[in-house]
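Everything on this sheet refers to the single structure shown next.
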Amino acid sequence: MQILHIPQDYRPRANLLQGRNILVTGAGDGIGRSAALSYARYGATVLLLGRTGSKLEAVYDEIEQAGGAKPAIIEMDLASASEDSYRTLADALGNEFERLDGLLHNAALLGDRGPIDSAGYDTWRQVMEVNVNAQFALTRYLLPLLQLSPGASIVLTSSTVGRVGRAYWGAYAVSKFATEGFMQVLAQELENTSRIRVNTLNPKATNTAMRRLAYPAETPSDNPSPEDIMGAYLFLMGDDSAGITGRAFDAR
Ligand code: NDP
């Protein structure tokens with residue numbers, strides 16, 4: 001797999017996402033929170049999806065205080081959402097918004113790390129539900145709204161362990177391989193029939209709660225903060241990446 005990087009000197013223009021409606025999953029914390037704030041700063045109306053209402057409200061307040069377009073909050077637990085709730089969500093968004101211009105699949109669970117021969121089936125299934133099945137269901141039901149955009153972008157969050165397998169990373173690594181596969185299948189299907197582009201983005205080591213859990217021996221501040229990697233998130237979401245689809249990116 002060929003890994004691409006965004007141009008090193010990339011500087012997004014101030015109105016890059018003006019008038020765009022962009023949904024971010026896992027928008028209450030970590031990289032998703034940062035992406036939501038950045039997208040709003042560059043002009044987007046951001047739809048904040050996550051499982052913890054209080055975190056989403058804090059991001060909502062931050063966007064409003066910074067003078068951004070009024071966001072929307074979608075409180076939803078992707079580990080237990082039914083197919084019907086995705087359908088209902090798509091209908092509700094279709095009533096409220098003319099179209100959807102961007103979808104950042106960012107929410108994920110780390111699950112347990114350890115050998116496959118002792119992996120717990122319940123945790124395995126939960127990781128797959130959030131990291132793989134929710135991505136499918138959300139995309140599947142939001143595609144009609146994305147089709148209405150003059151150039152929508154779907155960005156799926158990958159990982160280094162989703163590109164080359166690594167022992168003891170279990171369901172998480174497998175779920176990220178599935179994410180790469182989903183991106184490739186969907187990108188090919190949409191390439192000649194729509195203006196929607198689909199790519200994966202690996203943030204690489206970034207100082208968040210998940211990173212601190214996965215690597216307790218690291219000094220957290222040695223890793224870049226989510227704010228430090230936003231150039232790649234903006235590049236792939238905005239028109240500067242128009243025409244690029246089916247590709248795997250690293251944030252740095
Ligand atoms: P965090 O754990 O800090 O944030 C994950 C976000 O996803 C949280 O807002 C969390 O909600 C939300 N989330 C988790 N489960 C659910 C669920 N069931 N329903 C709805 N929302 C949910 O992780 P990061 O910011 O580090 O990770 C973001 C993405 O980047 C993930 O896809 C991760 O795999 C990927 N990644 C991260 C790396 C890193 O070094 N940080 C490296 C490589 C990939 P809540 O706040 O309520 O818990």
Side-chain angles (χ1 to χ4, degrees), residues 3 23-38 46-60 62 73-82 85-86 89 103-113 122-138 154-164 166 169-180 182-183 199-230 232-233 236 248-252:
I3 310 296
L23 192 151
V24 177
T25 72
D29 211 341
I31 295 168
R33 171 182 170 276
S34 226
L37 293 171
S38 294
V46 187
L47 286 59
L48 310 163
L49 188 151
R51 64 179 170 183
T52 310
S54 56
K55 290 186 180 182
L56 300 175
E57 281 159 22
V59 177
Y60 182 105
E62 236 181 291
I73 289 183
I74 305 159
E75 198 175 326
M76 192 166 175
D77 186 343
L78 298 172
S80 56
S82 65
S85 58
Y86 290 104
L89 171 66
L103 175 54
L104 171 63
H105 289 290
N106 161 84
L109 288 179
L110 183 62
D112 298 330
R113 259 109 10 86
D122 284 347
T123 308
W124 185 282
R125 270 203 293 220
Q126 207 179 26
V127 170
M128 289 300 168
E129 195 59 33
V130 175
N131 299 13
V132 181
N133 299 342
Q135 282 183 165
F136 153 72
L138 205 52
I154 300 176
V155 180
L156 299 113
T157 309
S158 189
S159 165
T160 306
V161 298
R163 290 170 175 171
V164 179
R166 193 185 297 169
W169 276 74
Y172 180 82
V174 174
S175 76
K176 295 299 186 180
F177 269 89
T179 297
E180 295 287 352
F182 181 64
M183 176 276 283
N199 297 285
T200 56
L201 178 57
N202 170 14
K204 302 191 72 181
T206 309
N207 184 8
T208 65
M210 184 188 286
R211 183 75 196 184
R212 295 189 289 274
L213 185 66
Y215 293 91
E218 282 182 355
T219 303
S221 56
D222 284 351
N223 289 321
S225 70
E227 292 72 35
D228 294 334
I229 58 166
M230 283 302 121
Y233 283 78
L236 284 178
F249 280 82
D250 273 357
R252 57 190 171 84

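All residue numbers refer to positions in the sequence shown, counting from 1. First listed ligand is number 1; within each ligand, the first listed atom is number 1.
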Check ligand 1 for N or O atoms under 3.5 Å from a protein N or O and list each pair with its distance.
| from | atom 1 | to | atom 2 | distance (Å) |
| --- | --- | --- | --- | --- |
| ligand 1 | 9 (O) | G26 | O | 3.4 |
| ligand 1 | 9 (O) | D29 | N | 3.4 |
| ligand 1 | 18 (N) | D77 | OD1 | 2.9 |
| ligand 1 | 18 (N) | A79 | N | 3.4 |
| ligand 1 | 19 (N) | L78 | N | 2.9 |
| ligand 1 | 25 (O) | I31 | N | 2.9 |
| ligand 1 | 26 (O) | T208 | OG1 | 2.5 |
| ligand 1 | 32 (O) | N106 | O | 2.8 |
| ligand 1 | 32 (O) | K176 | NZ | 2.9 |
| ligand 1 | 34 (O) | Y172 | OH | 2.5 |
| ligand 1 | 34 (O) | K176 | NZ | 3.1 |
| ligand 1 | 40 (O) | T206 | N | 2.9 |
| ligand 1 | 40 (O) | T206 | O | 3.4 |
| ligand 1 | 41 (N) | T206 | O | 3.2 |
| ligand 1 | 41 (N) | T208 | OG1 | 3.1 |
| ligand 1 | 46 (O) | K55 | NZ | 2.8 |
| ligand 1 | 47 (O) | R51 | NE | 3.3 |
| ligand 1 | 47 (O) | T52 | OG1 | 2.4 |
| ligand 1 | 48 (O) | R51 | NE | 3.2 |
| ligand 1 | 48 (O) | R51 | NH2 | 2.8 |

Checklist entry - Of L78, L103, L104, which is the lone residue that meets side chain to side chain contact (heavy atoms under 4.5 Å, CB included) with L49? => result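 Of the listed options, the one satisfying the test is L78.
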Checklist entry - Which atom names give the shortest non-hydrogen contact between T200 and S158, and what distance separates them? => result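 In terms of heavy atoms, the two residues are closest at CB-CB, 4.1 Å.
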Checklist entry - Taking all atoms of both residues into account, what is the closest heavy-atom pair of G162 and K176, and its distance? => result CA-CB, 3.5 Å
Checklist entry - Hey, is OH on Y215 packed in by over 12 heavy atoms from elsewhere, all under 6.0 Å? => result yes
Checklist entry - Are T208 and D29 linked by a side-chain donor-acceptor pair shorter than 3.5 Å? => result no
Checklist entry - Partners of Y233 by ring-ring contact (aromatic ring centres under 6.0 Å, His included), sequence neighbours excluded? => result none
